[in-house]
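Taking it in order: structure first as structure tokens, then the write-up.
The structure presented is a predicted model; accordingly, all values stated were derived computationally and were not measured. In what follows, chains are A, B, ... by sequence order, proteins preceding strands, each numbered from 1.
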There are 4 protein chains.
Amino acid sequence: MSGKKYIFELEIAVRDYEVDVEGIVNNANYLHYLEHTRHEFCRMAGMSFRDMHARGIDPVLSKITVEYKSPLRSGDVMVSKLDIARRGPLFVFHQDIYKKDGTPVVFSKVSVATLENGRLSRGDVLADAFRKYIGE
Amino acid sequence: MSGKKYIFELEIAVRDYEVDVEGIVNNANYLHYLEHTRHEFCRMAGMSFRDMHARGIDPVLSKITVEYKSPLRSGDVMVSKLDIARRGPLFVFHQDIYKKDGTPVVFSKVSVATLENGRLSRGDVLADAFRKYIGE
Amino acid sequence: MSGKKYIFELEIAVRDYEVDVEGIVNNANYLHYLEHTRHEFCRMAGMSFRDMHARGIDPVLSKITVEYKSPLRSGDVMVSKLDIARRGPLFVFHQDIYKKDGTPVVFSKVSVATLENGRLSRGDVLADAFRKYIGE
Amino acid sequence: MSGKKYIFELEIAVRDYEVDVEGIVNNANYLHYLEHTRHEFCRMAGMSFRDMHARGIDPVLSKITVEYKSPLRSGDVMVSKLDIARRGPLFVFHQDIYKKDGTPVVFSKVSVATLENGRLSRGDVLADAFRKYIGE
């Protein structure tokens, strides 16, 4: 965690159906945790996905990189942390998940583009909503 | 598809529950498609995950990078293609998904480590099974 | 299978991520298999969910009963079979899943109501589409 | 809610990836909510599924009935409530989900058998653990 900065965090408990036959959370579920964290961040910032969708704004993933550091198991509670930056038309989320004792679980970088009425946009509406959270 | 080489491919139909409120397949489901493709490749190569697990061998993801090129929707059928290489103790899968008309859907690179009885291994058992498929 | 009549069937292979730590397919995934079977039936009958949704018609579940007979495991292929009847404003699907050797996996009964533009309807549009398949 | 008795309840927030193209939570996800509620109840009662599995005890679903009363949407928080009874070798869970304002979402009845070392058992180990919670 040395020196990393986060602007939002969320505790999430592992649900047993997310664990596969190896006894560890299936790799795809981390994308669910990361998405849920972004959406809760957006809601906190005043722009829920439901509201955005109703306004014709649909964020879509452009690229995601996930490093798997150590697995989560049944009964674990994670802390999912997020930072956000803007890179041209993209929002770049740095999202890391830790166990409650600080053990790194996944480190990820998520690039998100914004569709407005189905077309790629510069993302100005969201940038405005996220203004006070966006690092430079 | 220019010049990319694949050693295995699998057709998969989108299931409607994989589509979210934006009308496109949710980002995490692509990891399901990619995993299913790797597992079917392993089965074809004579090493199902069920057999591996029974022998104490558990492949685990080390890192994944996914570029989302164009979304899949309800009713779409994809072709999920795979190539495999060995990089030290890791197996690196290049896995790309296309629509049936050749439109790129996702390009991904998946690095997999191998646990034997819970400890990281050099992956020799799998390398042996995959010998004729592994590019250099 | 003694005497049961089905009008549609679909083969589905278990995907390993659908299997949980007990080594068997998680109970919720059977609802995914059943839904996918209904949707493929509808598509075959000329009414995909995508088309229905575009026309303002949204089938919604009213009630489901599932008897779990024997579990599916990694590597299994199932045959998912369906019959349909009409009971007042509801469509009632009898949906059973078998292993390829005929072993029963689940027996289910699924009651579906139809929303038209968000309001409960008598389902006449669908009944018309399903006319030749509906048993009395 | 008139007169129904529950011995355990859990608040769960809808995650946006659980919502499908109709804008409502997909039917299978309710089985996930119900399972998660049972498992949290078991954990509270001192018998986590992880512990049970380690001791060779695997509860498996025998039958489930779900009545869908009103749909959950993005942003909703549910209260998932549970009661438990014993019927011969089965544990029967009455599990209902409400919105926070008391609107019924689903009513369900879940029958669970217990495998010990892969064979059906009378469930005495669990009955002992659940003694003070089981209604007659």
| query | For D51(D), what residues pass the salt bridge (Lys or Arg N to Asp or Glu O under 4.0 Å) criterion, not counting sequence neighbours? | reply | none
| task | Between chain D and each of L115(C), D58(C), I24(C), N29(C), count heavy-atom pairs under 4.5 Å; write down the option with the most. | result | D58(C)
| message | Within a 6.0 Å radius of atom NZ on K99(C), are there more than 12 heavy atoms belonging to other residues, nucleotides or ligands? | response | yes
| request: Against chain C, label F49(D) side chain, backbone, both or neither, depending on which of its atoms sit under 4.5 Å from a heavy atom there. | output: side chain
| query | Roughly how far, to the nearest 0.5 Å, is the CD atom of E35(C) from the CG atom of D20(D)? | reply | 7.0 Å
| message | Looking at K63(C), I'd like to know if its NZ atom is crowded, meaning that more than 12 non-hydrogen atoms belonging to other residues, nucleotides or ligands lie closer than 6.0 Å. | response | no
| said: What's the separation between atom CG in L61(D) and atom CD in E67(C), rounded to the nearest 0.5 Å? | reply: 12.0 Å
| Closest heavy-atom contact between P59(C) and E22(D)? | O-OE2, 3.1 Å
| field | Side chain / backbone / both / neither for N26(D) at chain C, heavy atoms under 4.5 Å | value | side chain
